[in-house]
Protein chains: 2
Amino acid sequence: MVMDVNRRTVLRLSRYRKALQRFSELGFVKVFSDNLGEAVGVTSAQVRKDFSLFGISGNKRGGYQIDSLLETLQRILGKGRVQKVIVAGAGNIGRALIHYPTFEKEGIQIAAAFDIDPAKMHRKERIPVLSLDEMPRFIEENGIEIGIIAVPEIAAQEVCDRMVRSGIRGILNFAPIRLRCGDENVVINPVNLQIELENVIYFVHALGKNQDTAPVNDKIKVNHL
Amino acid sequence: MVMDVNRRTVLRLSRYRKALQRFSELGFVKVFSDNLGEAVGVTSAQVRKDFSLFGISGNKRGGYQIDSLLETLQRILGKGRVQKVIVAGAGNIGRALIHYPTFEKEGIQIAAAFDIDPAKMHRKERIPVLSLDEMPRFIEENGIEIGIIAVPEIAAQEVCDRMVRSGIRGILNFAPIRLRCGDENVVINPVNLQIELENVIYFVHALGKNQDTAPVNDKIKVNHL
DNA sequence: TAGATTGTTAATCGATTAACAATC
DNA sequence: TAGATTGTTAATCGATTAACAATC
């Protein structure tokens with residue numbers, strides 16, 4: 001009944017923000033919950049409910065002013081200032097994130113990456129790749145709060161522990177393992193690419209089987225998982 | 001009440017599978033719903049519920065035989081045969097996926113990647129990077145069912161359309177845009193790395209504010225998002 | 001004003017968990 | 001057997017949606 005702000009709500013907020021940016025670029029001035037819902041793939045009731053949770057209000061009959069709504073969402077999502085992030089692991093995923101083009105524009109700055117492999121180090125790059133041993137000091141000296149873990153499974157928990165001890169409060173974890181963290185105030189968001197792909201594979205197979213007995217069994221109807 | 005198989009159930013199935021592999025490697029022979037739940041981070045009731053959904057049964061009092069349970073999950077998740085997958089886009093994310101080390105071991109074979117940039121092409125590699133124009137023919141000739149979209153936002157919908165027209169039934173989408181697909185039988189799983197990172201940032205900030213009024217307001221208690 | 005949209009409450013829907021009879 | 005664990009039903013929890021009074 002209380003329905004507080006949860007992960008899914010914040011994910012939707014990010015999507016509203018993106019949609020509003022597009023609308024704004026297209027020169028629109030105001031938007032209705034209907035339009036936003038359609039753009040993001042949720043009901044208009046969901047949009048209004050989400051907004052009310054954050055005390056965002058529009059004008060009855062007049063919808064929402066795009067620019068001011070966008071500013072509000074930016075503020076809620078911490079887009080006001082540049083957010084420094086570090087990456088542990090300069091392998092495939094790590095390097096992809098270092099060069100992820102949209103981060104920079106979106107106020108997310110990869111301050112440095114870290115690896116144990118000396119061959120992967122690049123101290124003089126714009127985004128330096130340093131030794132993993134230097135990570136704790138770097139976190140402390142630069143007051144980094146957010147870390148991305150892109151090291152092999154075997155090293156992930158150790159890296160997580162070191163991050164948290166050094167002051168990291170939030171982790172995006174690409175290692176395919178559940179990280180344990182005693183500190184209740186640390187946020188961990190796991191992203192498991194293999195499992196996401198397996199999910200697609202499962203439903204493709206499931207729909208394939210379904211196909212045969214087509215009109216009878218129309219239980220499974222997915223498009224967006 | 002009917003509670004059919006949904007995305008989250010299948011995600012858990014993948015996690016059970018992973019945990020069972022570990023247990024098996026450690027030499028364990030049987031496992032209880034308790035153990036599995038603990039390993040994956042869910043209740044034992046959830047584990048049994050999930051299994052019953054797939055007609056998996058154990059032995060009252062005796063738990064589950066790890067090896068046979070593992071085989072069953074492998075079968076359900078389509079691990080019996082090699083699953084061929086293509087990647088559209090050989091940029092940062094695309095290349096990371098091409099070289100993702102665990103895919104091969106797990107029966108997922110990246111058959112080829114495609115890009116519009118001639119500079120990115122490598123016809124002679126083990127996993128070739130071909131021209132995007134060759135994609136439709138490749139899909140048809142090789143009977144590919146699963147595609148990964150790792151092209152820039154602007155090109156994503158077009159690539160999606162081409163994939164579906166050529167016979168792709170499932171898509172893992174890394175482009176930060178909601179893909180529209182008329183065909184109800186096509187599965188699309190979006191993975192938006194920026195939004196996942198923003199989510200972490202939000203909750204770190206939210207917990208930080210919470211901190212001040214600490215013992216009074218203990219509403220927000222996240223660890224795993 | 002009349003009509004349309006918001007903000008919010010109540011209803012619904014769906015997923016998780018508790019509980020317990022069955023049983024090994 | 002006694003004790004422990006499964007499989008399943010019912011209860012709970014939580015999130016989404018429908019509905020509608022307020023109002024611009």
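By convention in this document, chain letters (A, B, ...) are assigned in the order of the sequence lines, proteins followed by strands, and residues within each chain are numbered from 1. Any value given below was found using the heavy atoms of this structure, including those in side chains, with hydrogens, waters and symmetry copies removed.
Less than 4.0 Å separates DNA chain C from at least one heavy atom of each of the following residues of residues 26-34 of chain A: A:Phe32, A:Ser33.
Look at CD on B:Gln65: it is 12 Å from P on D:dT6, rounded to the nearest Å. The distance between atom CG of B:Leu36 and atom C1' of D:dG7, rounded to the nearest whole Å, is 16 Å. C:dA15 atom P lies 10 Å from atom CD of B:Gln46, rounded to whole Å. Residue B:Arg12 contributes atom CZ, which lies 8 Å from atom P of C:dT17 at whole-angstrom precision. Following rounding to the nearest Å, A:Phe51 (CZ) and C:dT5 (P) show an atom-to-atom distance of 16 Å. Atom CG of A:Asp50 and atom P of D:dT16 are 7 Å apart (whole Å). In this entry the distance linking CG of B:Asn35 with C1' of D:dA4 reads 13 Å, nearest Å. Here C:dA18 presents its P atom at 13 Å from NZ of B:Lys49, a figure rounded to the nearest Å.
In this structure, a donor-acceptor pair under 3.5 Å is absent between the side chains of A:His99 and A:Glu104.
Looking at heavy atoms from C-beta onward, B:Tyr202 lies out of side-chain contact with A:Val187 at the 4.5 angstrom threshold. Side-chain contact check for A:Phe28 versus A:Asn35: every heavy-atom pair is 4.5 Å or farther apart. Taking the side chain as every heavy atom from C-beta outward, A:Phe114 and A:Val159 never approach each other to under 4.5 Å. Side-chain contact between B:Arg7 and A:His224 is absent, with no heavy-atom pair separated by less than 4.5 Å.
Looking at heavy-atom distances under 4.0 Å, A:Ser57 makes contact with sugar-phosphate atoms alone, never a base. Contacts of A:Tyr64 with the nucleic acid, taken as non-hydrogen atoms under 4.0 Å apart, involve only primed sugar atoms and P, OP1 or OP2.
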Distance-only donor-acceptor pairs under 3.5 Å for side chains of residues 59-69 of chain A, two or more places apart:
none

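Note on A:Arg17 versus A:Glu106: salt bridge recorded, some NZ/NE/NH1/NH2 to OD/OE distance being below 4.0 Å. A salt bridge is absent between B:Glu198 and A:Arg15: the closest approach of a Lys/Arg side-chain nitrogen to an acidic carboxylate oxygen does not fall below 4.0 angstrom.
Checking each of A:Asn223, A:Val204, A:Leu207 against B:Asn185 for a side-chain contact (heavy atoms from CB on, under 4.5 Å) leaves exactly one that passes, namely A:Leu207. For the side chain to side chain donor-acceptor pair (under 3.5 Å) criterion with A:His205, the lone passing option out of B:Arg169, B:Gln83, B:Glu145 is B:Gln83.
Here A:Asn6 reaches the OP1 or OP2 of D:dA15: one of its side-chain N or O atoms lies under 4.0 Å away. Between B:Ser52 and the phosphate of D:dG7, there is no side-chain N or O to OP1/OP2 separation shorter than 4.0 Å. Taking 4.0 angstrom as the limit, B:Thr43 places none of its side-chain polar atoms (N or O) nearer than this to OP1 or OP2 of C:dT16.
Listed by first and then second residue, the salt bridge (Lys or Arg N to Asp or Glu O under 4.0 Å) pairs that reach into residues 148-162 of chain B are A:Lys18-B:Glu153, B:Asp133-B:Arg162, B:Glu158-B:Arg162, sequence neighbours excluded.
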Problem - Bracket string, DNA chain C, 5' to 3' - pairs by Watson-Crick or G-U geometry under 3.5 Å, | interstrand - result: ..||||||||||||||||||||||
Completion exercise
Protein heavy-atom contacts under 4.0 Å, written 5' to 3' over nucleotides 19-24 of chain D as B (base), S (sugar-phosphate only) or - (none), form the string B--BBB
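Looking at residues two or more places apart in sequence or on another chain, you find a side chain to side chain donor-acceptor pair (under 3.5 Å) between B:Tyr16 and B:Asp50.
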